[in-house]
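Right, one structure below, let's go through it.
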Amino acid sequence: GGWQFDLPYLYRKSGSMARFYDFAADLRSLVAKQSLPGYVLGIKWMPDSRTELLTFRPVPYTARG
């Protein structure tokens, strides 16, 4: 289970004033820190569409501290 969104979609929906390159770098940093409680974040490369997906997977309740 979980969700995934391609980075260009998130960029358009965010209303960010940053360049796309910087926006994507910030998301990659967020994934590296794993700072969203209750979720495991990931970045997945999609070669067919030549884009990246930001993935959200909920942490199983039994694994939460």
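When the side chain to side chain contact (heavy atoms under 4.5 Å, CB included) test is applied to Val31, the partners found at least two apart in sequence or on another chain are Gln34, Leu41, Ile43, Leu54. Residues passing the side chain to side chain donor-acceptor pair (under 3.5 Å) test with Arg28 are Glu52, sequence neighbours excluded. For the side chain to side chain contact (heavy atoms under 4.5 Å, CB included) test, residues two or more places apart in sequence or in another chain that qualify with Ser29 are Lys33. Applying the ring pair (Phe, Tyr, Trp, His ring centres under 6.0 Å) test to Phe20 and every residue at least two apart in sequence or in another chain returns Tyr11.
In this structure, Phe5 CZ and Lys13 NZ are separated by 10.5 Å, a value rounded to the nearest 0.5 Å. Here the CZ-CZ distance, from Arg12 to Phe23, works out to 10.5 Å after rounding to the nearest 0.5 Å.
Side-chain contact between Asp6 and Ser49 is absent, with no heavy-atom pair separated by less than 4.5 Å. The closest side-chain heavy-atom distance from Phe56 to Leu36 is below 4.5 Å.
Residue pairs meeting the side-chain hydrogen bond (donor to acceptor under 3.5 Å, both in side chains) criterion with at least one member in residues 15-26, sequence neighbours excluded: Arg19-Asp22.
Counting all heavy atoms, side chain and backbone alike, Pro58 lies closest to Gly2 at CD-CA, 3.8 Å.
Applying the 4.5 Å side-chain rule to ILVMFWY residues, one finds Met46 in the same cluster as Leu53.
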